[in-house]
Amino acid sequence: MRASGGASPRPAPPKRSPTPSTTSTTTKLLVPAASSSLAMPAPRLAHLRRLLSLHSPPPHPLAPSPVRSFPLLLPRAMTGAAHAGVATASAEYEEVLRCLSSLIKQKVRADTGNRGNQWELMTKYLQILELEEPIARLKVVHVAGTKGKGSTCTFAESILRSCGFRTGLFTSPHLIDVRERFRLDGLDISEEKFIRYFWWCWNKLKVKTGDDIPMPAYFRFLALLAFKIFSDEQVDVAVLEVGLGGKYDATNVVKAPVVCGISSLGYDHMEILGNTLGEIAREKAGILKKGVPAYTVPQPEEAMSVLEQRASELGVSIRVVPPLDPRQLEDQPLGLHGEHQYMNAGLAVALANTWLERQGHLDRIHVQDHGTLPDQFIKGLSIACLQGRAQIVPDPQVNSEYKDSCPLVFYLDGAHSPESMEICAKWFAHVTENDITQPGPLEQPHSSSNSKKILLFNCMSVRDPQRLLPRLLDTCAQKGLHFDQALFVPNQSQYNKLGSHASQPSGREQIDLSWQLSLQTVWENLLHGKKGLNGPSSSGASLVFESLPSAIKWLRETSRQNESTSCQVLVTGSLHLVGDVLRLIKT
């Protein structure tokens, strides 16, 4: 896990295309081709101008804000560069991403300092950015949980947007671009607006922080940025997904949300939140507030008792919401696929309905039939969109070469807990059983009658593969699905954490594959320990690749070698891995 730091922005590594090598072992390696020395890019002039004369606040959507500036000293060597020309918007955006990267430092995730981690600093940051009053005016839907909190937030935002309200949605993590975390009216914030709001927050904080008050941690900065964006954009409702835990999460500076929700709880982030469901539930219950209605879904008894106890201490009731009945949707599908999404949709309906009621807007909705949801709710649930959750993406490169078949299809789900692994396995088994086509903009073409099931997997080293992989393998076997091969890869984003283009380290830098090799060992032991589990016709072979691009190249070559067989690739274990795959196959 990476935590905050005050380091200066680091220059991005030169972008280059890796060249795969051939190997004769089960471990596939990608050996980067030697690259010539590249000159450093020109100074980011737009950023230098901001260092010379800091940005004014971004204009209000209804009226321009007065210009306010703050002095800042520059090294002499930098002052002459501001007259060299004008940087492009994309170059400026890359500079923004580099500044964000400076807030990330490698840190042992289980460090006890992560728990709370100078929580009182959030108050100081709010004061520096003058956000206390704007946050108090936001009409917030606040959601914590282990599984499904992002989906719940997405559903709730889509419902309220369909009711005619201007919405802001803050979720994490992003898969391809950091702007995905900030949605206005259902769309990622524009690059221009993101740049403008970023510099406003960054420059104010740079002036006021130092030895006593460090720059905020990465996620805290993004949360502060979200509050600035949503308040200045005058959204009617801000839907906030907790990043981690609840009590000490950066989003928990909201003192009086309109309504709170807690999605399904399970074992995740145990090195920070605790080793029992009770301890985890106690951290999640930290978002509950006195006088604020709260909802949750059916929980394990140990977790439910803690939630009820905390709600009782605050003098509020926490209501348990059942999964949404599909019949209430008038034959419309949910925008997010998978049976588990009916649980998240049910919670989102309760949150949206309570928000409307408490804000006096129930007159905005109308119901055709008392057995169904309001029309706006059905629309919102059916158009909701969130990448990397039960998402099917045919490979555009390979499939463009064939008219009537789909030789390579990626099935992407960012499951990373034992419970979500089981849900992911059920979904994958269901949609590949008869090559089911799912509705939506990325409709799956019919694959050939023969198919190869391949697992593309990685997980963070703080997670226990002995709990993740058995749940995935056992659930698939119960559904009659057996993997022909398993591929283990490092995340591409470990080389480029925020930039718009993932790139490998330059030169012949040694890449540590010890974690991927350990995942392979766990997999092989599971197969050998369960006689017949993988099926008589399955090879059960596993491969370790040095990079994700080399794994994608191998998959493409494999699918081309036998067009009568479809390669159905389940990508799971990490949302970061899912994002990296999406980035690579869409470019």
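Here the structure is a predicted model, which is why all the values come from computation and not from measurement. FYI, side chains are in, hydrogens and waters are out, and symmetry mates aren't considered; it's all heavy atoms of this structure.
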For this session: Look up atom CG in Leu129 and atom CZ in Phe227, then write down how far apart they are to the nearest 0.5 Å.
Result: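 Answer for the CG-CZ pair, Leu129 versus Phe227, is 11.5 Å.
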
Exercise. If you round to the nearest 0.5 Å, how far is OG of Ser312 from CG of Leu307?
Worked result: 12.5 Å

For this session: May I have the step-by-step check of side chain to side chain contact (heavy atoms under 4.5 Å, CB included) for Gln299 and Leu277, ending in yes or no?
Result: CA-CA 10 Å; Gln299 304 282 7; Leu277 278 180; over 6 Å; no

Could you tell me which residues satisfy side-chain hydrogen bond (donor to acceptor under 3.5 Å, both in side chains) with [X], sequence neighbours excluded, listed by chain and number?
X	value
Gln341	Ser151, Asn344
Asn252	Lys289
His340	none

Seminar exercise, completed: Residues at least two apart in sequence or cross-chain that pass salt bridge (Lys or Arg N to Asp or Glu O under 4.0 Å) with Glu313, listed by chain then number, are Arg310

Problem set entry | Non-neighbouring partners of Arg161 that pass salt bridge (Lys or Arg N to Asp or Glu O under 4.0 Å), sequence neighbours left out | Glu157

List the residues meeting ring pair (Phe, Tyr, Trp, His ring centres under 6.0 Å) with [X], not counting sequence neighbours, and say none if there are none.
X	value
Phe198	Trp202, Phe221
Phe230	none
Tyr125	none

Contact between [X] and [Y] at the side-chain level, heavy atoms closer than 4.5 Å - yes or no?
X	Y	value
Pro134	Arg137	yes
Asp413	Ile423	no
Gln391	Gln387	yes
Thr572	Met421	yes
Tyr218	Ser101	no
Met304	Ile318	yes

[X]: which residues meet the side-chain contact (heavy atoms from CB on, under 4.5 Å) condition with it, sequence neighbours left out?
X	value
Pro298	Val320, Met343
Arg179	Tyr93, Asp177, Ile189, Glu191, Phe194
Ser190	Glu192, Lys193

Exercise. Any sub-3.5 Å donor-acceptor pair from Asp188's side-chain atoms to Arg183's backbone N or O?
Worked result: no

Problem set entry | Among Leu288, Val143, Val297, the one residue meeting side chain to side chain contact (heavy atoms under 4.5 Å, CB included) with Ile262 |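 Of the listed options, the one satisfying the test is Leu288.
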
Problem set entry | Asn491-Asp580 side chain donor-acceptor pair, cut-off 3.5 Å | no

Exercise. Charged N to carboxylate O below 4.0 Å: is that the case for Glu95 and Arg98?
Worked result: yes

Exercise. If you count the non-hydrogen atoms of other residues, nucleotides and ligands that lie under 6.0 Å from CG in Asp212, is the total more than 12?
Worked result: no

Exercise. Got more than 12 heavy atoms from elsewhere within 6.0 Å of CZ, Arg358?
Worked result: yes

Please output the side-chain donor-acceptor pairs of residues 347-357 that fall under 3.5 Å, not counting sequence neighbours, one pair per line with the distance.
unit_1 : atom_1 : unit_2 : atom_2 : d
Thr354 : OG1    : Tyr295 : OH     : 2.6
Thr354 : OG1    : Ala350 : O      : 2.9

